Amino acid sequence: MASILVSSSENYSGKSSICSGLGLILKERGKSVGYMKPVGNLLVDVDGVLSDEDAEQMRDLLSLETPRSCITPIMLTENLTNDALLGVEKHLDETLKQAYSEVSRDKDMVIIEGEGGIGSGAMYNLSDPQVASILDSKILLITRFDSVSAVDRILCDIELIDDRNMLSGIILNEVEEDKSGIVRDMVVPFLEKKGVKVFGVIPRDHTLGAVSIAEIVEDLRGDVLTGRQEMDKLVEHYLVGAMEINSAIKYFRRSPNNVVVTGGDRADIQMAAIEAGARALILTGNLRPSEAVLGSADEAGVVVVLVRGDTLSTIERMENLIGHARIQQKTKIETIVRLIEENVDVDSILDSAGL
């Protein structure tokens with residue numbers, strides 16, 4: 001039985017996406033796949049039972065029947081933190097081993113998802129390298145390549161791994177098109193000269209950071225005034241309608257698949273956004289728009305959402321939502337699998353993990 005612990009240099013690096021894609025690819029190849037997220041940090045209530053959001057998604061995606069208590073045996077609660085600070089011995093390594101024994105039963109491969117960054121959980125002796133050592137697993141490091149500084153993060157992360165043989169290799173994720181040349185021609189050769197195996201370079205796909213209009217409405221607790229039948233559409237960008245009308249349409253047309261946030265009293269901006277093809281209007285201040293705006297939006301299939309908060313607080317919520325979306329929609333899952341199959345040497349990853 002083989003295993004791989006998928007770790008990352010930072011939050012929102014695409015770790016959960018890689019776990020999902022690898023799991024589905026293995027299933028398509030006829031392999032029996034197990035999954036484990038040893039430390040749950042995205043806590044959710046499922047029928048009165050504490051679970052982890054990532055673990056729940058993978059449980060559904062891979063049709064796992066393993067008990068939740070084994071898939072995520074340790075929950076990052078306040079009590080756990082307090083006990084760690086007070087030096088209370090919890091024997092968490094034994095808890096992990098027992099859960100892993102159940103997760104790995106009759107499986108060809110177990111995918112283990114790290115908590116956050118590679119060092120997260122160190123105060124509980126549960127950093128990703130520590131977990132990999134306890135479970136005798138290899139580490140696959142995922143790094144979002146936003147700039148050359150990602151190389152520094154990778155080299156620093158590797159220093160946290162006591163046994164370099166534990167590192168299977170890395171994947172450079174979310175690489176913008178204008179950076180792909182330097183990544184392939186300079187960064188990859190540099191890392192491999194340092195003894196770091198690069199399994200793949202995945203280009204950025206903006207649809208993976210998109211959210212559905214329905215998710216936005218739920219998060220903002222908004223009232224839908226028009227376009228309820230368009231709620232499943234994905235939004236990749238949010239734009240703020242606070243400029244002069246002459247500049248608005250050009251501004252709105254620069255980014256496709258957008259949602260425009262503006263005051264409920266800005267009829268001119270609202271009409272400009274509709275004309276420019278916005279997918280949704282988020283109107284702040286609980287100010288209902290004119291019937292003319294609602295009629296135009298309804299005809300164009302634009303969702304109009306009324307929220308009670310002011311524009312600034314609404315923008316802050318949008319920033320936390322777009323780009324940090326959970327991978328749930330079927331179209332996103334299909335995109336992830338395609339990106340991995342086209343850009344990652346999956347066979348080499350599995351070989352390094354012992355499969």
Side-chain angles (χ1 to χ4, degrees), residues 1-9 13-40 52 54-55 57-59 61-62 64 66 70-73 96-97 99-121 126-144 154 157-158 160-173 191 195-202 327 336-337 339-341 343-355:
M1 193 277 306
S3 66
I4 192 84
L5 189 152
V6 182
S7 184
S8 63
S9 293
S13 62
K15 181 171 70 265
S16 295
S17 299
I18 299 297
C19 288
S20 300
L22 285 177
L24 288 175
I25 289 169
L26 282 165
K27 288 196 71 174
E28 289 172 1
R29 295 184 179 188
K31 302 299 183 182
S32 177
V33 184
Y35 167 84
M36 185 179 193
K37 187 176 180 183
V39 182
D52 176 87
D54 289 331
Q57 179 179 318
M58 287 292 287
R59 198 168 187 267
L61 188 68
L62 301 179
L64 300 174
T66 309
C70 295
I71 290 176
T72 307
L96 283 187
K97 289 177 182 177
Y100 181 74
S101 176
E102 181 67 27
V103 168
S104 61
R105 182 175 295 145
D106 299 323
K107 298 296 189 297
D108 297 313
M109 178 79 169
V110 175
I111 297 171
I112 306 166
E113 182 170 354
E115 177 193 335
I118 190 171
S120 297
L126 294 175
S127 68
D128 287 350
Q130 288 169 317
V131 170
S133 178
I134 292 169
L135 301 181
D136 192 25
S137 178
K138 293 281 191 176
I139 295 175
L140 172 63
L141 182 66
I142 314 300
T143 298
R144 179 169 52 83
I154 291 167
D157 289 344
I158 291 172
L160 298 176
I161 303 173
D162 291 335
D163 182 1
R164 282 292 295 273
N165 292 323
M166 193 184 295
L167 178 65
S168 175
I170 71 169
I171 293 175
L172 299 174
N173 197 24
L191 290 171
V196 180
K197 174 64 177 176
V198 181
F199 289 119
V201 176
I202 300 178
I327 306 300
I336 289 164
V337 170
L339 287 171
I340 293 175
E341 289 180 331
N343 300 282
V344 175
D345 186 352
V346 175
D347 290 333
S348 290
I349 293 175
L350 300 182
D351 183 62
S352 71
L355 185 62

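This is a predicted model, so every value here is computed, not measured.
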For the [atom1] atom of [X] and the [atom2] atom of [Y], what is their distance to the nearest 0.5 Å?
X: N343; Y: I202; atom1: CG; atom2: CD1; value: 6.5 Å
X: I336; Y: L24; atom1: CD1; atom2: CG; value: 8.5 Å
X: I4; Y: I18; atom1: CD1; atom2: CD1; value: 12.0 Å
X: E113; Y: D128; atom1: CD; atom2: CG; value: 9.5 Å
X: L96; Y: Q130; atom1: CG; atom2: CD; value: 10.5 Å
X: K15; Y: I171; atom1: NZ; atom2: CD1; value: 13.0 Å

Are [X] and [Y] packed together at the side-chain level, in the sense that at least one heavy-atom pair is separated by less than 4.5 angstrom?
X: T143; Y: N173; value: no
X: Q57; Y: S20; value: yes
X: Y35; Y: L64; value: yes
X: S168; Y: K197; value: no
X: Y100; Y: I112; value: yes
X: K27; Y: S32; value: no

Just list the side-chain donor-acceptor pairs under 3.5 Å for residues 131-142, sequence neighbours left out, or say none.
{"unit_1": "S137", "atom_1": "OG", "unit_2": "S3", "atom_2": "OG", "d": "3.1"}
{"unit_1": "S137", "atom_1": "OG", "unit_2": "L5", "atom_2": "N", "d": "3.3"}
{"unit_1": "K138", "atom_1": "NZ", "unit_2": "N165", "atom_2": "O", "d": "2.5"}

Could you work out, with side chain to side chain contact (heavy atoms under 4.5 Å, CB included) as the rule, every residue matching S348, not counting sequence neighbours?
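In terms of side chain to side chain contact (heavy atoms under 4.5 Å, CB included), with neighbours along the sequence ignored, S348 is linked to F199, D345.
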
Going through the checks in order, is the side-chain contact (heavy atoms from CB on, under 4.5 Å) test met by I118 and S8?
CA-CA 6 Å; I118 190 171; S8 63; over 6 Å; no

Might you point out which heavy atoms bring [X] and [Y] nearest each other, and give the distance in Å?
X: V103; Y: C70; value: CG2-O, 3.6 Å
X: G195; Y: R164; value: O-NH2, 3.9 Å
X: A55; Y: I71; value: CB-CG2, 3.9 Å
X: P129; Y: I161; value: CG-CG1, 4.0 Å
X: S104; Y: S101; value: OG-O, 3.4 Å

Kindly write out the residues that satisfy salt bridge (Lys or Arg N to Asp or Glu O under 4.0 Å) with [X], not counting sequence neighbours, or none if the list is empty.
X: D157; value: none
X: D347; value: R29
X: E102; value: R105
X: K97; value: E94

Has the side chain of R144 got a donor or acceptor atom that lies under 3.5 Å from a matching backbone atom of S9?
no

Can L26 and D108 be said to form a side-chain contact (heavy atoms from CB on, under 4.5 Å), step by step?
CA-CA 9 Å; L26 282 165; D108 297 313; over 6 Å; no

Go through the steps for E28 and E341 under the test side-chain contact (heavy atoms from CB on, under 4.5 Å), then give the verdict.
CA-CA 12 Å; E28 289 172 1; E341 289 180 331; 3.7 Å; yes

Give the intermediate values and the outcome of side-chain contact (heavy atoms from CB on, under 4.5 Å) for residues K107 and V33.
CA-CA 6 Å; K107 298 296 189 297; V33 184; 5.7 Å; no

Neighbour count >12 (heavy atoms, 6.0 Å) for atom CG, D162:
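Result for CG/D162: open.
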
